Amino acid sequence: MTVNDTSGAGGLGRRRVVVGVAAALALVGGGALYATKGGWLDDRSLTSVCGGLLDTSELKELLGADRLRGEGTEPTSCTVADADNDRSVLQARIFRGDTRMLLGTMSRADQQNGGALVTPAGMGRPVVLGPRLGTASGFVPCGTGDDSPVTLLISVVPTSKGESLGESEGRARLARVATSTLDRAAERWGCERPGEAKGKSTAVPEDTSRVLRQAGKATGTCAGIDSASYETSADDAAPIEDCQLTDSSGARLFRLSAYYGPYVKAARQETIRGKQILTEVGGGGGLWWTTADCPQGDVLYSVETVWDDEKNTFNPPSPKFQKDALKTFAERSAERHGCSTPEPLPTKDRTSGS
């Protein structure tokens, strides 16, 4: 509209119109700036990321970013990015049924990598922290069939201002994010809530996976085995348990592992020799395995020779020692998890007859 009157009351009216429009544009511009530079749009995206299942309450401290933006509302593939530079600092996958790269994402798929041990989140939670810093995974049974269980996989890469994921507080915060997210998923899908503790984890067990225990000194996952070892805390809810047997100098010889729930299939699909362990029990050539019946579903116990990257050694199979160690390891893990006695191991090595 054209305004011709430039004097008197008409001029005053036009000046009021101009001022009003300018003020409105300033407000709109400021609102747009706020929306795109870290205001309600960022907050809203965090609320809806991963379908609202991801616990974002501690992410700024964990990741070291002042402004975070959620990307992806589908739980099966979602990320959190640093809104200042668009760099992805967290990736999450929350799903029902089968998935791939459960072990690979945690750098746990290569069984012959002697130093890669998972550690439990603790407090009765079915979550582990991976050997690759910043990774965590867990599951909870939920019904039967193709839609069971609910499984979680999280991978984070903090900014330079984020917490050290090798330190106790950083590990505990990552564990809290993972366990709380798994709680939310269990509630959303009507599953039994995981773990004994109903609050958030305040601490995690100490990471002892690099502490050499001499024979007879193990108190965690390697307890009861007459060998020097690297071990982690024994936890009756941990979905994966690891024990690394060594010689007295710490040179790695064999790895013992327990896989529960969806990690059984992951071990068979992702590990180098996984296709050899498809039966309930078997062994030979440095690899032995057995199974049991558990409330959580499937379970697989295995022992195999490993390559020691640090000492550049690979030890030959030792059937009797490996089978004796696996029997002790499997029976103790099965008892912790409320499972049946594991199936007896074969008396003969299929490759050597020993």
Side-chain angles (χ1 to χ4, degrees), residues 103 108-118 131 209 212-232 234 240-260 263-264 267-268 270-292 298-337 339-354:
L103 300 177
R108 179 56 182 70
D110 185 358
Q111 271 292 81
Q112 297 188 23
N113 179 2
L117 306 182
V118 301
S209 62
L212 178 63
R213 312 283 194 192
Q214 291 301 327
K217 300 296 184 181
T219 59
T221 51
C222 297
I225 301 173
D226 187 20
S227 171
S229 62
Y230 294 105
E231 64 173 359
T232 65
I240 306 173
E241 293 185 295
D242 286 327
C243 162
Q244 188 78 67
L245 303 184
T246 74
D247 65 18
S248 59
S249 72
R252 292 170 172 84
L253 304 174
F254 312 108
R255 186 217 298 272
L256 294 148
S257 298
Y259 303 95
Y260 291 87
Y263 303 96
V264 173
R268 288 170 169 160
E270 296 182 44
T271 60
I272 291 176
R273 302 173 74 178
K275 292 183 179 179
Q276 299 180 41
I277 55 178
L278 301 180
T279 58
E280 291 186 354
V281 63
L287 170 65
W288 298 85
W289 68 94
T290 185
T291 56
D298 296 336
V299 61
L300 173 69
Y301 306 106
S302 67
V303 60
E304 70 175 290
T305 53
V306 295
W307 176 265
D308 190 312
D309 289 331
E310 295 177 1
K311 297 182 180 294
N312 198 33
T313 58
F314 187 86
N315 291 277
S318 177
K320 184 179 187 307
F321 178 58
Q322 285 184 264
K323 288 190 287 185
D324 288 346
L326 179 57
K327 182 177 184 295
T328 299
F329 173 82
E331 288 177 351
R332 285 176 175 256
S333 181
E335 183 177 3
R336 279 194 297 273
H337 287 77
C339 306
S340 66
T341 301
E343 293 291 324
L345 290 163
T347 57
K348 291 186 178 182
D349 185 322
R350 67 187 177 199
T351 59
S352 67
S354 60

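Since this is a predicted model, take the numbers as computed values, not measurements.
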- Message: Counting only heavy atoms not in Glu280 (residues, nucleotides, ligands), do more than 12 fall under 6.0 Å from its CD?
- Response: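 For Glu280, atom CD is not crowded (no more than 12 foreign heavy atoms under 6.0 Å).
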- Message: side chain to side chain contact (heavy atoms under 4.5 Å, CB included) for Phe329 and Ser302? Distances and angles first, verdict last.
- Response: CA-CA 9 Å; Phe329 173 82; Ser302 67; over 6 Å; no
- Task: Determine yes or no for a side-chain-to-main-chain donor-acceptor pair under 3.5 angstrom, with Glu270 supplying the side chain and Leu103 the backbone.
- Result: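 Yes, Glu270 side chain to Leu103 backbone: donor-acceptor pair under 3.5 Å.
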- Query: Counting distance only, does the side-chain N/O of Trp289 pair as donor-acceptor with the main-chain N or O of Thr279 below 3.5 Å?
  - Reply: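 Yes.
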- Message: Between Glu241 and Leu256, is the side chain to side chain contact (heavy atoms under 4.5 Å, CB included) condition met? List the steps.
- Response: CA-CA 8 Å; Glu241 293 185 295; Leu256 294 148; over 6 Å; no
- With sequence neighbours left out, write down each residue that passes salt bridge (charged side-chain N to carboxylate O under 4.0 Å, His left out) with Glu331, or none if nothing qualifies.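 Glu331: salt bridge (charged side-chain N to carboxylate O under 4.0 Å, His left out) contacts with Lys327.
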- Query: Looking at residues at least two apart in the chain, or sitting in another chain, which of them share a salt bridge (charged side-chain N to carboxylate O under 4.0 Å, His left out) with Arg332?
  - Reply: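 Residues passing salt bridge (charged side-chain N to carboxylate O under 4.0 Å, His left out) with Arg332: none at all.
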- For the pair Ser333 and Tyr260, evaluate side chain to side chain donor-acceptor pair (under 3.5 Å) and give the outcome as yes or no after the intermediate values. CA-CA 10 Å; Ser333 181; Tyr260 291 87; 2.7 Å; yes
Measuring from [X]:[atom1] to [Y]:[atom2], what's the distance to the nearest 0.5 Å?
{"X": "Ile240", "Y": "Thr221", "atom1": "CD1", "atom2": "OG1", "answer": "12.5 Å"}
{"X": "Leu245", "Y": "Arg252", "atom1": "CG", "atom2": "CZ", "answer": "11.5 Å"}
{"X": "Phe321", "Y": "Leu326", "atom1": "CZ", "atom2": "CG", "answer": "11.5 Å"}

- Message: I'd like to know whether Phe254 forms a side chain to side chain contact (heavy atoms under 4.5 Å, CB included) with Val306, so could you lay out the CA-CA distance, the side-chain angles of the two residues, the decisive distance to 0.1 Å, and finally the verdict.
- Response: CA-CA 5 Å; Phe254 312 108; Val306 295; 5.8 Å; no
- Message: Side chains of Arg273 and Thr305, heavy atoms from C-beta outward: is any pair under 4.5 Å?
- Response: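 Sidechains of Thr305 and Arg273: in contact.
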- Task: State whether Tyr230 and Arg213 meet the cation-pi test: NZ (Lys) or CZ (Arg) under 6.0 Å from the six-membered ring centroid, and within 45° of the perpendicular axis.
- Result: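 Pair Arg213/Tyr230 does not count as cation-pi.
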- Item | Chi angles and distances behind the side chain to side chain contact (heavy atoms under 4.5 Å, CB included) call for Glu231, Leu117 | CA-CA 8 Å; Glu231 64 173 359; Leu117 306 182; over 6 Å; no
- Message: Here's a test for you: under side chain to side chain contact (heavy atoms under 4.5 Å, CB included), which of Thr291, Thr290, Leu300 qualifies with Ile277?
- Response: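 With Ile277 as partner, Thr291, Thr290, Leu300 yield a single side chain to side chain contact (heavy atoms under 4.5 Å, CB included), made by Leu300.
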